[in-house]
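Data block below; observations after.
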Protein chains: 2
Amino acid sequence: MATIRDVAKEAGVSVATVSRVLNDNGYVGVETRKRVLETIERLNYSPNEVARSLYKRKSRLIGLLLPDITNPFFPQLARGVEDEVNQAGFRLLLGNSDEEATKELDYIQTFEQNHVVGIISATNNTDRENYENIDLPVVFLDRTSKHHPSVFADGREGGRLAARALIDRGSTKITLIKGPAHVQPAQDRFQGALAELSKAAVDFSVLGTTSYAFEEAKTWAEELFTKHPETDGVIASNDIVGIAILHEALRLGKSIPDELQIIGFDDIPLSSLSYPSLSTIRQPAYEMGKEAAKLLIRMIKKEQEIDQMIQLPVSLIERNTTRKVDKDE
Amino acid sequence: MATIRDVAKEAGVSVATVSRVLNDNGYVGVETRKRVLETIERLNYSPNEVARSLYKRKSRLIGLLLPDITNPFFPQLARGVEDEVNQAGFRLLLGNSDEEATKELDYIQTFEQNHVVGIISATNNTDRENYENIDLPVVFLDRTSKHHPSVFADGREGGRLAARALIDRGSTKITLIKGPAHVQPAQDRFQGALAELSKAAVDFSVLGTTSYAFEEAKTWAEELFTKHPETDGVIASNDIVGIAILHEALRLGKSIPDELQIIGFDDIPLSSLSYPSLSTIRQPAYEMGKEAAKLLIRMIKKEQEIDQMIQLPVSLIERNTTRKVDKDE
DNA sequence: CCTACTTATGTAACCGGTTACACATAAAAT
DNA sequence: ATTTTATGTGTAACCGGTTACATAAGTAGG
């Protein structure tokens with residue numbers, strides 16, 4: 001692998017000149033520049049980022065910390081982040097925390113050791129000491145923090161929308177699935193839905209769950225119909241749980257949406273492919289990722305004041321697990 | 001951020017000694033070691049990976065190149081890779097290529113510039129010049145290459161299994177969906193299924209597709225039933241397409257699996273949550289990721305000769321889009 | 001004609017680790 | 001008692017970029 005010194009020698013100039021050509025700063029004569037560029041080409045030279053990072057004390061890497069890329073919601077976030085940071089010349093160091101504090105800490109350390117210029121984290125416990133003595137730009141994604149800028153969807157409003165949707169469409173015995181207690185956005189949705197249900201003239205019950213994993217979603221679906229067989233409307237904590245419930249309901253021979261309405265949360269790509277297709281509250285995951293990345297990049301470039309909180313709107317995606325409602329009611 | 005020199009000064013030793021303590025090599029007195037460790041603790045020192053990488057000419061990073069993390073098959077691969085490399089102390093630099101040669105090349109360059117110690121790529125065009133002048137260990141995942149070790153599932157056998165399954169369960173007018181021509185494993189499956197169908201006493205037709213994206217899957221599902229309304233068995237190119245077809249079939253009022261059997265490929269997590277749940281050919285994605293990582297790590301450590309090709313078995317996952325068959329036929 | 005500024009280029013220090021080599025002492029071998 | 005060998009520690013070069021500073025020539029202004 002050729003170094004800048006090789007190029008310098010070959011082109012008959014000093015390393016400083018090569019560096020100037022490379023970074024397009026300082027004065028370089030037209031002829032010299034041409035010669036250097038030609039030599040770079042010829043030697044197939046590409047600068048060593050590591051050496052550069054060492055001197056500059058910063059790399060062109062950004063750390064992205066997710067709970068679990070295997071959960072279909074996160075790849076979309078990740079893709080949004082990636083597309084945006086790439087455009088600005090950055091690359092991603094990726095980590096899955098599995099919501100474990102140790103793994104999280106390990107990754108944060110890796111990020112620092114590798115001189116990342118910023119971190120985007122979609123992790124719980126946002127205010128844990130983990131993030132307190134970091135002097136890097138940090139943006140929380142799909143989470144909120146008092147101490148760091150955050151990008152998230154309006155979960156409360158989402159919960160309200162979901163509840164309103166079922167109520168408006170005639171469900172009267174609603175079951176509200178409460179997602180894991182430690183997952184912030186799950187609780188926001190829950191609170192929003194709870195508030196709306198409380199205001200309305202419907203019966204409802206709450207079913208607590210502890211994770212989002214596929215396997216367990218099936219268990220909860222079964223539990224739901226054992227505990228609340230008479231329910232005629234379910235607000236799921238996310239689309240995976242929603243689809244699991246749909247599956248179980250069909251297995252039990254329930255007619256959807258006539259006997260039972262179901263509404264999910266997230267709008268993961270596969271939701272539109274369930275049958276009946278799942279009505280859901282959409283979070284603009286890809287856009288959220290992009291916004292977080294944009295925000296982080298602004299922080300990295302120290303552009304003016306940055307918005308501390310970016311809340312993106314959620315929307316009701318009406319598909320076929322909820323009944324149609326007359327527009328003019 | 002404290003440096004090794006700060007630690008050395010504080011502990012009253014030389015940087016060499018601190019380095020020896022850090023890396024646990026060379027001779028260090030018991031007392032000295034204790035003092036150094038205590039100082040490291042007190043200063044909250046953690047070594048700068050970038051400086052280390054520069055001297056060693058290798059980092060602790062591994063490059064992972066995927067077509068698109070948004071496709072539900074790949075997060076599983078990625079997770080397998082991550083879990084395995086983490087255990088060996090490596091971290092991941094992630095890139096999505098979107099199957100575009102330019103992006104791919106850009107990422108490979110990033111990987112090299114950042115001194116990654118190895119690359120795992122799940123990219124087509126494995127034998128493109130891209131990978132020819134790399135003097136790093138490269139493992140192809142879910143793809144094969146003549147020049148580099150590869151980890152992949154037995155796609156041909158998968159195709160045969162899928163075809164056999166439908167034939168054995170009584171489909172006689174089968175439609176075989178041919179995945180994108182440039183995606184190697186899709187073609188393997190296709191060839192396998194084709195071979196099996198050709199041998200059997202069934203009618204069949206082939207429908208070509210050009211991508212795996214969600215949106216387009218719906219289009220092909222519609223196209224399928226327009227062109228071949230009488231089909232009673234579909235071999236989908238992957239689970240997403242399979243689920244899209246299932247969705248469309250149900251929308252058209254077809255009874256599954258009585259009127260129409262469907263078999264997918266991959267066994268993505270959501271396949272078991274479709275209704276009826278999707279029968280499919282399972283690829284052990286997580287394990288494939290792990291195997292690829294293990295292989296790469298062995299190459300990095302230059303342990304003995306390495307297996308050039310690791311083929312993992314596929315298996316038929318019989319769920320409810322195929323009919324039950326008597327065991328003793 | 002002299003000063004001041006612009007343009008062009010080179011030298012060497014620096015970033016923060018790692019390690020070859022030198023040196024010193026103590027213990028073991030001859 | 002002398003030579004080896006094992007143990008413990010320090011000095012400085014090195015990895016490959018970037019950049020502060022020095023030097024020099026050309027040219028614009030007074």
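Chain letters run A, B, ... following the sequence lines, proteins first, then strands; residues in each count from 1.
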For [N], does either OP1 or OP2 sit under 4.0 Å from a side-chain N or O belonging to [X]?
{"X": "A:Thr32", "N": "C:dT9", "value": "yes"}
{"X": "A:Asn48", "N": "D:dC15", "value": "no"}
{"X": "B:Ser14", "N": "D:dG10", "value": "yes"}
{"X": "B:Lys56", "N": "C:dT19", "value": "yes"}

Taking 4.0 angstrom as the limit, do A:Arg35 and A:Glu38 come out as a salt bridge? no
Select from A:Arg5 and A:Thr17 the residue whose nearest nucleotide in DNA chain C is closer to the 5' end of that strand. A:Thr17
To the side chain of [X], which of [options] is closest?
{"X": "A:Arg52", "options": "C:dG10, C:dT6, D:dT18", "answer": "D:dT18"}
{"X": "A:Tyr27", "options": "C:dT7, C:dG16, C:dT18", "answer": "C:dT7"}
{"X": "B:Ile4", "options": "D:dT19, C:dG17, D:dG16", "answer": "C:dG17"}
{"X": "A:Val28", "options": "D:dG10, D:dG16, C:dT9", "answer": "C:dT9"}
{"X": "A:Val13", "options": "C:dC15, D:dT9, C:dG10", "answer": "C:dG10"}
{"X": "B:Val15", "options": "D:dA12, D:dG17, D:dG8", "answer": "D:dA12"}

To the nearest angstrom, the CG-C1' distance between B:Asn25 and C:dA20 comes to 13 Å
Pair of N/O donor and acceptor under 3.5 Å linking D:dG16 base with B:Arg57 side chain: no
Should the side chain of B:Arg20 and the base of D:dG10 be counted as holding a donor-acceptor pair, with the cut-off at 3.5 Å? yes
Less than 6.0 angstrom from the centroid, inside 45 degrees of the normal: does A:Arg20 satisfy that with respect to the ring of A:Tyr27? no
Would you kindly check if the NZ (Lys) or CZ (Arg) of A:Arg79 is within the cone defined by 45 degrees around the ring axis of A:Tyr286 and under 6.0 Å from the six-membered ring centre? no
Please classify the nucleic acid contact of A:Ser19 as base, sugar-phosphate, or nothing, using heavy-atom distances under 4.0 Å. base
Reckon A:Ser53 touches a base, only the sugar-phosphate, or nothing at all at heavy-atom distances under 4.0 Å? nothing
Please check if atom NZ in A:Lys103 has more than 12 non-hydrogen atoms from other residues, nucleotides or ligands closer than 6.0 Å. yes
4.5 Å side-chain heavy-atom contact, A:Leu22 and A:Tyr45: yes
